[in-house]
Amino acid sequence: MIQPGMLIVDTKRCIACKRCMTECAVAHSKSRDLASAMQETPRPEPRVWVKEVGAFAAPYQCRHCDTPPCVPACPNTALAKDAENGPVVLNLDACAAAGKCVKKCPFFGIQMNMAGDKAVKCDLCITRLEAGGIPACAEACPTDAIVYKRFEDLSDEEKAFRSGRPGAALVRRTNIRYWVDAAKCIACRKCAMVCPAEAIEGAKKTPHKVLQDKCVTCGACFLNCPKDAILALDPEKFDEVAQAEALSPAPPPAAEAEPEPAPAQEPAPEPAPEPEPEPEPEPAPEPEPVPAPEPEPEPPKPTVSKKQRRIERKIKRKAKKGKGQGS
């Protein structure tokens with residue numbers, strides 16, 4: 001007979017050793033033995049995930065809510081709430097890897113497996129509970145960061161974890177608060193896009209702010225901030241930071257420095273006006289050159305016919321012969 005209960009997480013005790021992940025994978029293997037489980041195909045996967053950013057770490061797993069938002073989101077009814085014992089159970093045979101349950105869970109309690117063809121989530125190690133034991137992660141944790149408690153042993157504040165209503169102020173990790181460091185925030189709005197409770201406020205190009213009355217402390221904004229601008233604080237430190245920011249006035253906008261006026265100088269005496277130079281006389285225009293008279297064309301020589309030239313040559317030859325005889 002199972003005695004219903006729930007896992008309580010104390011994030012301040014978590015040292016990120018990830019032993020809970022190892023023992024969870026072994027508990028869901030075929031052999032239930034660490035050495036043999038590492039040789040199995042497919043390799044068994046954990047149902048709890050330790051997320052860490054900087055010095056902060058915390059285990060995330062299904063909270064088995066009273067009104068789980070993942071159950072109605074599944075299109076194949078692979079998720080169901082066990083009314084008698086309390087856990088939210090996943091039927092792997094009916095899972096079609098739609099991934100809608102992963103998006104609806106506000107506590108990072110459901111993830112897709114390494115192959116991407118099935119969803120994986122905590123089942124509270126039902127087989128161990130039936131045998132009178134406790135979940136493997138709670139048994140393995142060396143610092144008691146994960147503790148399993150029966151419902152009759154829960155305090156009122158611990159029972160608030162089971163409501164599972166995104167936006168409810170009571171559904172929060174009791175010893176953690178999230179705060180935005182305005183100096184680091186680049187207003188990328190990634191925190192607002194992953195917040196299931198719409199607890200992030202801020203306009204474009206303006207540092208964002210976590211609305212504490214809406215925050216469910218799921219840690220989605222903290223784990224998705226690319227600049228580590230969201231701080232994970234314990235309540236005492238959170239109160240100090242909140243009071244300091246409330247008391248510190250907003251810095252006034254930097255005004256542009258006005259140029260200093262130049263020192264007054266005595267006016268320099270005006271120089272005496274120089275006499276204007278007399279205009280030079282304009283040179284007389286040069287006379288235009290008279291064009292030379294064109295030479296008169298020579299009269300054309302009379303043309304002599306060929307016959308007349310032969311006669312003249314004969315006369316010249318005869319005259320030469322006569323001179324030679326007379327001498």
Side-chain angles (χ1 to χ4, degrees), residues 2-40 43-65 85-88 105 107-111 113-114 120-155 157-162 171-178 217-220 222-223 228 230-238:
I2 296 177
Q3 295 183 0
M6 66 177 294
L7 293 168
I8 302 297
V9 177
D10 188 348
T11 54
K12 294 175 69 175
R13 289 178 174 269
C14 181
I15 57 174
C17 66
K18 299 185 180 180
R19 187 175 173 183
C20 57
M21 295 179 61
T22 303
E23 294 299 328
C24 178
V26 172
H28 290 86
S29 66
K30 298 175 182 178
S31 61
R32 304 293 195 274
D33 177 71
L34 177 59
S36 302
M38 294 299 101
Q39 307 300 322
E40 294 180 8
R43 180 174 293 184
E45 299 181 36
R47 271 70 171 165
V48 57
W49 302 273
V50 175
K51 309 287 186 179
E52 52 183 317
V53 178
F56 173 80
Y60 287 78
Q61 72 277 84
C62 178
R63 294 192 182 185
H64 303 281
C65 309
N85 299 316
V88 177
C105 179
F107 309 114
F108 285 178
I110 309 177
Q111 300 292 330
N113 63 3
M114 290 187 291
V120 289
K121 66 176 294 298
C122 169
D123 57 1
L124 280 181
C125 293
I126 293 180
T127 55
R128 294 171 65 97
L129 293 178
E130 290 175 347
I134 62 174
C137 58
E139 183 178 304
C141 183
T143 61
D144 289 338
I146 305 177
V147 178
Y148 184 76
K149 287 188 177 183
R150 313 297 178 182
F151 285 153
E152 58 268 19
D153 299 332
L154 295 176
S155 64
E157 192 172 27
E158 290 170 342
K159 290 178 181 178
F161 278 85
R162 300 188 65 239
V171 186
R172 61 169 70 244
R173 295 176 185 269
T174 56
N175 49 16
I176 202 71
R177 296 291 183 273
Y178 295 105
T217 61
C218 64
F222 178 80
L223 297 171
D228 294 343
I230 299 180
L231 309 179
L233 307 171
D234 58 68
E236 296 179 0
K237 185 66 175 178
F238 171 80

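- Residues Pro87 and His64 are in side-chain contact: their nearest non-hydrogen atoms beyond the backbone lie under 4.5 Å apart.
- Interatomic distance, Ser36 OG to Leu34 CG, rounded to the nearest 0.5 Å: 8.5 Å.
- Here SG of Cys122 is found 13.0 Å from CD of Gln111. Values are rounded to the nearest 0.5 Å.
- Exactly one residue among Gln61, Met21, His28 makes a side chain to side chain contact (heavy atoms under 4.5 Å, CB included) with Arg47. That residue is His28.
- Interatomic distance, Cys65 SG to Met6 CE, rounded to the nearest 0.5 Å: 8.5 Å.
- Residues that satisfy the salt bridge (Lys or Arg N to Asp or Glu O under 4.0 Å) test with Glu40, not counting sequence neighbours, are absent from this structure.
- By the 4.5 Å heavy-atom criterion applied to side chains, Pro135 and Asp123 are not counted as neighbours.
- Under a 3.5 Å cut-off, the side chain of Tyr148 and the backbone N or O of Gly5 do form a donor-acceptor pair.
- The CE atom of Met38 sits 9.5 Å away from atom CG of Asp33, with the distance rounded to the nearest 0.5 Å.
- Of all the heavy atoms in Gly133 and Arg150, the pair that sits closest is O-NH2, 4.1 Å.
- Without hydrogens or angle criteria, Glu45 side chain to Met114 main chain gives a donor-acceptor distance under 3.5 Å.
- Remark: Arg19 pairs with no residue by the salt bridge (Lys or Arg N to Asp or Glu O under 4.0 Å) rule, at least two apart or across chains.
- A donor-acceptor contact shorter than 3.5 Å links the side chain of Thr143 to the backbone of Arg13.
- Atom OG1 in Thr127 sits 5.5 Å away from atom CZ in Arg32 (nearest 0.5 Å).
- Considering every non-hydrogen atom in both Cys20 and Cys137, the closest pair reads CB-CB, 3.7 Å.
- Val120 approaches Pro46 most closely through the heavy-atom pair CG2-O, 4.5 Å.
- Shortest non-hydrogen contact noted between Leu129 and Ile134 is CD2-CA, 4.1 Å.
- The shortest heavy-atom contact between Pro44 and Ser29 is CG-CB, 3.7 Å.
- Nearest heavy-atom pair across Ala136 and Cys125 is N-SG, 3.5 Å.
- With values rounded to the nearest 0.5 angstrom, Cys105 atom SG is found 8.5 Å from Arg63 atom CZ.
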